[in-house]
Every structure is written in C-alpha cells, then in structure tokens.
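Working notes for the structure below.
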Amino acid sequence: MKTRIKQAVGLALAAGFGLAATSSAFAAESLQDVMKRRGLSQQDLMAAAKTYVPTGKRDEFLAFSSGGQSGQIIVYGIPSMRILKYIAVFTPEPWQGYGFDENSKAVLRQGNIDGKEINWGDTHHPAISETQGQYDGQFLFINDKANPRLAVIDLRDFETKQIVVNPIFKSEHGGAFVTPNTEYVIEAAQYASPLENQKFEPLTSFNSKYRGGVTYWKFDRHEGRLVPNESFSLELPPYSQDLSDAGKGPSEGWSFTNSFCSERYVGGIEKGRPPYEAGCSAKDTDYMHVVNWKKAAELVKAGKATKINGHDVLPIEVAVKEGVLFLVPEPKSPHGVDVTPDGKFITVSGKLDTHVSVYSFENIMAAIKAGKFESKDPYGIPVIAMKDALHTQVELGLGPLHTQYDAKNCVAYTSLYVDSQVAKWNYCEGKVLDKISVHYNIGHLMTMEGDTMAPQGKYLVALNKLSIDRFNPVGPLHPQNHQLIDISNDKMQLLYDMPLPLGEPHYVVAIKADKLKPAVRYKVGTDSRTDKPHPGAVRAGQEKTVRNGNKVEVFGTLIRSHITPETIEVEKGDEVTIHLTNLERAQDETHGFTVSTFNVHASVEPGKTVTVKFKADKEGVYPYYCTEFCSALHLEMQGYLLVKPKGWKPEKDASLAGAGYTEEDYKKTLKKVADTQVVIDQVVGYITSVNYTDFPDVVAMMEDAVDQLNRTKEAKAKHEDAARGADWDQANLWAEQVWQYQVKAADLGLRAKTYLEQNGAKKVE
Ligand code: CUK
Ligand code: CUA
C-alpha cells in the first residue's frame, strides 16, 4: 500500500518539478563529433553558446511582441527566443478563457464600436510604462490599427484589463507611445475621416471635412486604467499620420508624429485617376507634426477644447494660435520617428529616401522662439524649414524604416526594408559604422530597452516581414522571422532565427527580466479583470446553488481534485450562472472549467474567481469537467449539468444503485488511510523542523495542505457512521474520500519539502 501512495505522490511530484534526466549515452560523443554529425561550424557553435539557455535557467530579457492580426501579444525570452506566453487582447483566446467567461468578456466587449462586437485586432505597437523615461515594468499598452482602440495590460498578472475605443478616429497607427512618466499614452490617427461619429462626407470634401489627429490618453497609474474623460485630442490636417514618439529629457513635454500622403490624394482609379501610391508620393516631402502636449493639456483644462462625440478636441486654429502645433518637412513617405535616449534629436526615416534625417530639438525650439517659419500649410500651421531643424542627414541605404538605440553613446540601428539590412550608425557624427544582412524585408527592429532613456545594448531583434525559404515549408502562408543579432561588439553578429507563426508582428519591446515582478496567485476570490473581490466568490464549505425565478446561480469551488457542486440541476430555459473560485494557493495549480456544448470555458488560476454564464436552452445531460491536467485525479474532476424538461418529477425515490462494497473493502481502505497518515506525519515532522515560515511559497502550500486535511474530519465522521449501520458502500466510499484528501495534502507536503531542501532551509532548535 505504501508503495502505491509513494507512486501517487511521486507522480505528482515529478509533474510539479519536472525532474531533469541526465543521460550518459551522449557522454561518449565529443563536441567535435556532434559538430561533424550535424554539420555545424565554429561560428554556429559560438552563436549557440550565446543564445542557449540551459534547462532550468532563465532569460535575461523579456520581449513583448505585437501579434499583428492575431490581436494578441507574444511574450518571449531573449536570448533564448523561447515563447513564454500569448496575452489575449483584442481576440478571444480559449485556453485563458478570454471571451469565454463573463469577466474577460466584459473587457473584450469594452472594445465594441457603436454596439458592434469586434473579435479581432491589428496590433502594431506595444509600449511598456515608463518612470523618468525608463521602463518600470508595471503596465503594457498596445494599439489596434484596424478598429482604433488601445488596450491596457497589467504586468502583475499579464492580463488585459481595459480596452478603450478612440472617440474620433476610424483607424489609427501612431500608438501606443508613452510620455516619460506615462502621464499619457499617445495614439495618432492613420487614414483621415470625418471626426464626428457615423458622419458621411464625400471624398470630394476630403480637404475640408476629413481630419487626422493625435489623442493623448490620460493614464491613472494607481488604478492601472486609462481615464477617457481626462483624455483629449489635437485636431490635425488630413495628412495620414503615421508613427509617434514622446520627447524626453530636454524635449520632455513635446511629442512628434509623422505623416505620409500629405498630398491629400484620394485615389479613384475607377474614375480614371492615377492610383493612391502615385498620388501619395508625388511631393518630395511630408510633414512631421511637432506638438507641445503639456501646454495642449493645460489649454484643454482651461476650456479651449471643442467637444466632438463627447470628447475634448483642441481645434487646429486654437493649437496654432496658442503655439502648440508646428510642422517640419521630412523626406518623402517617412515611417519611423524615434527620439534619441538623451532627448536631443529626432531620427526620421523616409521610406522612399536613402537617408535618415536627424532633427535637432534645440534647432526646432530656436526656430519657434525666433518665429522663423518658411511658410504655413493650407490649414495655417507654421512650417519650420527643414534646413533650420536638421542636425544631419546620413545615407544608409534603401528603404530605411525604424531606428533604435544602443547603450553606447550616439549609436543607432536602422532597419533597411528594401536592402534587407540593419545599419549601425552614429547619429552625433553622422556616419555609418557597420551593416548586416537579414532575411528578408525587415520592418521594425528592436534593441534591449532601446526606445528608453537608458538602452541596455547587448541584443537586437530584426522583425522580418518575410521568411521565404528560411524554415521547413508549411504551405503558402509562411511564419514571420525574428532574427536575434549580437550587438555587444563593433561588428554585428547574427545569432538565431525564430519563426513566429502568429499574425504579423510589427513592433516589439524588451525589458530586463528582473524589473518584472509578476504574482503567482491571486488573493482568494479576486476578479482578475477588475482586480476587485469577485461578488461570486465563496470559501470552502460555503458553496451553494440559488434559484431566483428562472435564474440559477451556482457559487462553486475548485480544489484538487474536486469541483463543488458535483451536480447542477436546472430546468430547460433557465439562465445558468456559475461562479468558480480556485481555492488553491500552490503555484501553478490552475483548474479549467467547461460545460459540454454550451461554449463556455474558464481558466481559474489559484485564488481567482471566474463566472461562466449561459442559457440552458436544451434538455439533456451535459458533463462538466476541469480542463487542466491538474493532478493524478484530474479526470475525476467532473460533474453533471442536468437540464430537465419543464415540470419534470422523478418517478420513484431516486436513490443511486449500490456498488457492492464489503466490510473487507472498508478495512483495506482504513489501512491505506493509516499508512498515508504515517507519510504525512513524516513530511510534517521535517517541515516543522526547519525554518519553513521564512518561505512564503511553502507557507501557502502548507495552508492548502491543512485545508485538505481539515476536510477529512467530516468524511471520517461519515464513514464511521455508515460503518456502525453496516452500510459498507457508504462507509468505504467516505473512507476513500478521506484518503483523497490525504493524498493531496501529502503531495503538497512533499512539494514543500523539496522546495525547502532546494532553497537552503535551516534546522530550527
Ligand atoms: S509599423 Cu509595421 S513595419 Cu505599424 Cu510600426 Cu513599421
Ligand atoms: Cu483541476 Cu484538472
């Protein structure tokens, strides 16, 4: 019997800790042998050594990549390039229950536009919250270009907490970019449209009635939410606004937004006019918008804004009069606009120009101060001459797009889309330092914390649009290719190709992993989407089912390996709401929950309470079960939803058929229970002999174990009672239940013991 217990416990232990196996079979093979067998060069080996993260070890940086059209965020480690998580943002994600339980649905549905459900997003630019221009690791923001929206993710649990819809745009692109203390999250429009909601204007009124803009979303760091009624926008001309960046250091308080198609061309090939791409790149220059957002915010506070769709919009006229909006010409069809770490310069890449242009913030300010403008645009906005604003221009190659910065002074990296290269260059002196080829058609690139005031250097990731023949073919739709490049030396070195098979990622940001402090469990009864106590939460023993008219509300719990309640009986047509609280406190003890055919699913992490809701609109028997392999008796984490015809009554007393257990069986079970208790006592003896109270994770595991053991009392009383009445079925099954609780307690105890041994627990006297 004891072996059986040990096996059960050992199984759980192995599952929990993933015991590493070492094989001596490979010891006979030398490194040279492996290189030969696999056709690896010295350089391959060097690259492998720079990226390989041994089992059990962790990455130095965590990257948050836009998931493109998947509407999600992809989290991976650097340098290993191992994918760690998908964060569901604008798209339902069944594993995490996102969009399949009521609490996450409430977040997803905040993204409805004019009452329409939207179940996808085109994510482009993630941004990590900053304090004094440096990543603080608290929050993450990301935009949806297609349906102009912005989302907030809390990095304490990596969950999406809020989606806001832009009140005046119909598309957007220049977001999310944060101000140096995350007072605001910047989001600029892309394709101009009338700002009033559901307003039709013909394209012939493009110049007069269509508008672009930039929105400054107020962020409440304490609440961890954007505050729509303290947010505002600046009306901009119908130039297609593109990317944005916030000033920092000397340029703090200002922001910069690119544009393309400032020709305001509206196509019309159907009417014999030249197509968009011809009309939108006719002029040699477009405009960079230069905005004093600090002063704009004050003007809005002072009541100078106009309400459009209930949202504060500062009109162009007011912005010009008050001196908060200026334009600077930039070479043809620019894309990235990237402020240098010292905040002194702004790098702009013109897609159709071979140069990057480095603008000097000081020069721009001098021109503004002197009132030195070369002209006004058709909307009356003063235009600063390019030559007055420029610091330098550097010829890099074909199709420069985006720029990131190095830890080394004045060193920048720019992606060259057409050349499929990364250029390393010096923006202070205006010279090229190195180039490396990537595969193929690079869009964004990213260095570690490379858009902050304190870039970390070390690695660069090239986000290649195409992978063509790099990977094993998987049909006409190819993965994207994120290539890891070592930038710690003068020459860049390509280290690794990572296929990314989810959406088309645009931008990615990477933060030092030790800046993140994610939780491992929730306070019991938390609604993780509001961060507040969930009204449907109950503690162990308080589970109940409440009927109110045709509404049935279940307050249930989950703990290894049991769903309470085990049966839910309703009538056809009832509206069923099931709240589930995961009572576990152990790390990584998630339970899932689904009910057959009702399209609901919840992922219930330790401490979380989640609600699923559906209409029981068809009669029948529907199993529900835990969907995560959470313990050896996971499959037994089950129950039945019985949907009865209206007014149904049982024909006779519905006692369940007997299983035919004997007194002998009962005694065997009692022996098993006694043996298990010995194991538990030994483990408890060890744990209490060391300083276990110094380890919060162990304390949490012990609380869970005690919870389990406390439950044996009631079951014990029941089996003893049944035995007195010689009801051996009941006696044996309740004794088995005692053993179930013991096994779970023993499993937790052994996990705790291993943890203590591995983390240097000390004997106490
Ligand atoms: S964008 Cu896609 S490559 Cu949306 Cu930042 Cu440049
Ligand atoms: Cu809980 Cu499987």
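Read the numbers this way: they start at 1 and go in the same order the structure lists the ligands and their atoms.
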Open item on the list: Before moving on, can you tell me the angle at atom 2 (Cu) of ligand 2 between the SG atom of Cys630 and the SG atom of Cys626, to the nearest 10 degrees?
Closed with: 110°
Task: Atoms of ligand 1, numbered as shown, that sit under 4.0 Å from any heavy atom of His335 - done: 1 (S), 3 (S), 6 (Cu)
- [ ] Given side-chain contact (heavy atoms from CB on, under 4.5 Å), test Ile559 with Asn582 step by step and report yes or no.
- [x] CA-CA 6 Å; Ile559 192 163; Asn582 184 343; 5.6 Å; no
Open item on the list: I'd like to know if Glu605 and Arg521 make a salt bridge, using a cut-off of under 4.0 Å between side-chain N and carboxylate O.
Closed with: no
- [ ] Using side chain to side chain donor-acceptor pair (under 3.5 Å) as the criterion, point out the one residue from Thr414, Asp451, Asp245, Thr447 that pairs with Thr403.
- [x] Thr414
Task: Residue His591, metal atom 2 (Cu) of ligand 2, N/O/S under 2.8 Å - done: no
Open item on the list: Strictly under 2.8 Å, how many protein N, O or S atoms lie near atom 4 (Cu) of ligand 1? Waters don't count.
Closed with: 2
Task: Residues Glu172, Lys145: salt bridge by 4.0 Å N-O rule - done: no
TODO: Compute both the distance and the angle, then confirm whether Lys465 meets the cation-pi test with Tyr417: under 6.0 Å from the six-membered ring centre, within 45 degrees of the axis.
DONE: no
Task: Which N, O or S atom of Glu628 lies nearest to atom 2 (Cu) of ligand 2, by name - done: O
Open item on the list: List ligand 1 atoms under 4.0 Å from His402, heavy atoms only on the residue side.
Closed with: 1 (S), 3 (S), 5 (Cu), 6 (Cu)
- [ ] Closest by any non-hydrogen atom to atom 3 (S) of ligand 1: pick that one out of Gln190, Lys465, Lys351.
- [x] Lys465
Open item on the list: Among the N/O/S atoms of His634, which is closest to atom 2 (Cu) of ligand 2? Give the atom name.
Closed with: ND1
- [ ] Identify which one of Phe598, Phe100, Tyr624 satisfies the ring pair (Phe, Tyr, Trp, His ring centres under 6.0 Å) criterion when paired with Phe593.
- [x] Tyr624
Open item on the list: Tell me the closest heavy-atom pair linking Tyr405 and Pro341, and the distance in Å.
Closed with: CG-CD, 3.4 Å
Open item on the list: Can you tell whether the side chains of Arg585 and Asp707 come within less than 4.0 Å, N to carboxylate O?
Closed with: yes
TODO: Kindly check if the number of other-residue, nucleotide or ligand heavy atoms within 6.0 Å of CZ (Phe614) is above 12?
DONE: yes
